[in-house]
Amino acid sequence: MTAKALSQRDLATVIGLEVHVQLETDTKIFCGCSTEPADDEEPNSRTCPICLGLPGALPVLNEGAVEAAVKVGKALDADVAEHTRFHRKNYYYPDLPKNFQITQYDAPICADGTLEVSVEGERREIGIERAHLEEDPGSLQHKGGSIDTADYTLVDYNRAGTPLMEIVTRPDFRSPQETRAFLAKLEEVLEYLSVFDSTRDGSLRVDANISLVPADEVDDDGSISVESLEAANRTEVKNISSHKGAEQALAYEVTRQKNAVQRGRAVEQETRHWDESRGITVSMRSKEEEKDYRYFREADLPPLEVSDWKAKIDIPELPDARRERFREEYGLDAESAAKLTSTKEVADFFEDVASQFDPDLAATWVADNLLGELNYRDMAITDVDDRLDEFTRLVELVDAGEITTKNAEEIVLRTMLDKGDDPDMVIEAEGLGTADDDEVDVAVAEAIEENPDAVEDYHAGEGGAINFLVGQVMQKTGGSADPGDVNQKLRERLDE
């Protein structure tokens with residue numbers, strides 16, 4: 001179909017992703033070099049003859065990487081192959097010291113999986129075509145600009161050889177927003193499996209393939225024929241490293257392609273680079289085809305048998321299942337269950353607190369109070385995981401009535417996070433212990449005597465009067481009285 005003919009038809013967006021996930025192992029996939037960068041690490045210092053591809057160096061497969069890959073396959077409900085093998089993917093690029101990458105070609109370790117995501121309240125099932133193991137290349141540092149404007153480029157091979165799992169989706173996405181939702185869900189699942197650390201630089205990188213096809217060639221169920229896909233020129237966008245970046249890059253690229261078609265120009269089949277600083281994609285090279293990589297068997301690694309691993313390797317309860325269990329077991333609403341399963345660490349902490357206190361109290365303190373204050377400070381629960389017993393102690397003090405909820409929320413918790421003090425220290429320093437009944441009774445009597453106008457308004461049915469009097473009592477007790485108790489005592493005295 002000519003570009004002019006295509007421009008006269010409504011167009012549908014078709015997107016498929018190749019997600020490169022760094023697996024959390026102590027050492028690289030084919031050698032004993034550490035995967036953990038040091039704070040003051042020098043470039044090219046965490047390397048050896050194997051990950052540098054020096055002559056005579058032989059790779060040895062990391063068993064931990066294989067176990068992580070099997071866990072990912074199980075979580076994606078994919079078929080885990082009985083036999084798998086490695087190939088050499090041949091291409092020259094500065095970050096690839098051997099001039100080939102050890103990867104998997106026609107026998108991936110996992111295939112035919114799915115991942116369900118929610119987009120604007122609609123559930124979508126995204127097909128996973130394959131997921132395979134490979135080694136990470138080194139990293140390029142463009143000095144003086146981006147890839148097309150830099151004065152020069154440096155190569156650091158410290159990352160080379162880090163275990164990667166490439167997860168290839170089917171072309172099931174119809175909008176950039178859907179890709180963002182998918183990546184967030186995938187990252188959540190990977191973190192629950194404890195095979196992935198999102199805080200590590202370059203831990204998740206995305207290549208996206210985008211095509212435009214006539215909208216009338218998309219079936220009612222969203223499927224597209226192989227013939228339609230093959231007829232459409234496909235553009236690949238590289239250098240995407242975040243959920244937000246994926247949405248932005250693809251939104252730009254879809255707009256660029258539609259504008260080209262509307263002007264009667266053909267969309268070139270090419271590889272483009274996402275320049276995040278400028279918010280644009282730039283052309284890198286013509287799109288390679290499979291034959292260009294000249295795949296052949298990796299002779300230095302024997303075939304791998306993993307047929308019995310799927311049954312032996314356990315995976316934890318995954319986010320969706322845990323959310324549903326929280327709703328059933330603890331009676332939580334959908335929003336609270338989603339907050340409390342946002343990460344495995346949050347879910348684990350909530351269950352620890354809920355085992356000691358009422359689930360509603362535990363949910364309020366973990367989902368609303370603690371997570372709310374952490375989010376305000378741009379912190380995660382992992383930043384305070386060595387202090388979780390202190391936060392449990394604070395819930396205990398509230399539950400026992402030794403401090404008011406208001407003071408616990410507004411003073412103690414915030415001081416704990418800002419100054420690092422434990423709750424008992426804050427309560428003692430601020431004098432926040434709860435007032436005894438006699439002290440509250442005296443404060444109630446004084447508030448009634450000192451505010452006759454408010455008392456008259458109360459008897460006249462003015463709803464705000466009681467709130468004013470409660471405030472007066474709270475002032476007199478330094479906020480150490482329970483507002484609910486104060487309200488009750490005031491009403492009892494006023495109604496006598």
Side-chain angles (χ1 to χ4, degrees), residues 1-20 89-93 126-127 129-130 142 145-150 166 168-180 182-183 205-241 245-295:
M1 182 180 294
T2 65
K4 182 177 181 180
L6 188 62
S7 68
Q8 298 171 350
R9 300 173 68 177
D10 290 334
L11 299 174
T13 302
V14 181
I15 301 171
L17 301 181
E18 299 170 8
V19 187
H20 301 83
K89 181 180 181 181
N90 294 273
Y91 65 96
Y92 174 75
Y93 206 62
I126 304 299
E129 184 173 303
R130 58 185 283 147
H142 305 293
S146 61
I147 191 170
D148 61 332
T149 61
E166 181 175 343
V168 182
T169 76
R170 301 193 187 282
D172 289 347
F173 302 100
R174 299 293 173 263
S175 72
Q177 293 77 17
E178 290 180 2
T179 65
R180 182 173 184 172
F182 171 84
L183 291 170
R205 304 189 301 279
V206 181
D207 298 339
N209 293 289
I210 309 101
S211 303
L212 298 179
V213 303
D216 54 14
E217 294 183 7
V218 181
D219 294 336
D220 292 340
D221 62 358
S223 62
I224 302 172
S225 68
V226 175
E227 293 75 19
S228 294
L229 289 173
E230 289 179 346
N233 276 356
R234 179 163 50 97
T235 299
E236 181 181 37
V237 178
K238 289 182 171 290
N239 193 46
I240 301 171
S241 59
E247 184 176 11
Q248 291 175 332
L250 293 171
Y252 174 88
E253 184 58 22
V254 169
T255 301
R256 185 192 71 81
Q257 291 189 23
K258 286 185 175 180
N259 287 341
V261 171
Q262 288 168 1
R263 294 187 178 99
R265 300 203 306 266
V267 175
E268 298 292 332
Q269 184 149 313
E270 61 179 339
T271 296
R272 299 180 69 86
H273 172 89
W274 168 240
D275 188 334
E276 190 167 3
S277 62
R278 292 188 288 171
I280 63 173
T281 64
V282 295
S283 182
M284 292 175 63
R285 56 183 180 270
S286 61
K287 181 80 177 76
E288 302 95 337
E289 297 182 17
E290 191 174 280
K291 64 182 181 181
D292 295 325
Y293 292 120
R294 296 177 292 113
Y295 284 99

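Keep in mind that this is a model prediction, so the values were computed, not measured. When reading the values below, keep in mind they use all heavy atoms of this one structure, side chains included, and skip hydrogens, waters and symmetry mates.
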Looking at [atom1] of [X] and [atom2] of [Y], how far apart are the two atoms once the value is rounded to the nearest 0.5 Å?
X      : Y      : atom1 : atom2 : value
Glu129 : Glu18  : CD    : CD    : 9.5 Å
Glu178 : Leu17  : CD    : CG    : 10.5 Å
Phe182 : Asp172 : CZ    : CG    : 9.5 Å
Ile280 : Tyr252 : CD1   : OH    : 5.0 Å
His20  : Arg205 : NE2   : CZ    : 7.5 Å
Glu276 : Thr281 : CD    : OG1   : 13.5 Å

Where the side chain of [X] meets the backbone of [Y], is there a donor-acceptor pair that is under 3.5 Å apart?
X      : Y      : result
Asn239 : Trp274 : yes
Gln269 : Arg234 : yes
Glu253 : Ala249 : no
Thr235 : Val267 : no
Asn90  : Arg294 : yes

Testing the basics here: between [X] and [Y], what is the closest heavy-atom pair and its distance to 0.1 Å?
X      : Y      : result
Ala208 : Ile240 : CB-CD1, 4.3 Å
Ser277 : Asp275 : OG-OD1, 2.6 Å
Pro176 : Ile15  : N-CD1, 4.1 Å

Indicate yes or no: does Arg272 engage Glu236 in a salt bridge with an N to O separation below 4.0 Å. no
Does NZ or CZ of Lys89 come closer than 6.0 Å to the centre of the six-membered ring of Tyr295, within 45° of the ring's axis? no
Would a 4.5 Å heavy-atom cut-off, applied to side chains only, mark [X] and [Y] as touching?
X      : Y      : result
Val282 : His273 : yes
Phe173 : Ile126 : yes
Ile210 : Val14  : no
Val237 : Asp207 : no

With Asn259, which of Gln257, Arg263, Arg256 fulfils side-chain contact (heavy atoms from CB on, under 4.5 Å)? Arg263
Quick one, Ser283 with Glu270, criterion side-chain hydrogen bond (donor to acceptor under 3.5 Å, both in side chains). Give me CA distance, side-chain angles, the key distance, then yes/no. CA-CA 7 Å; Ser283 182; Glu270 61 179 339; 2.7 Å; yes
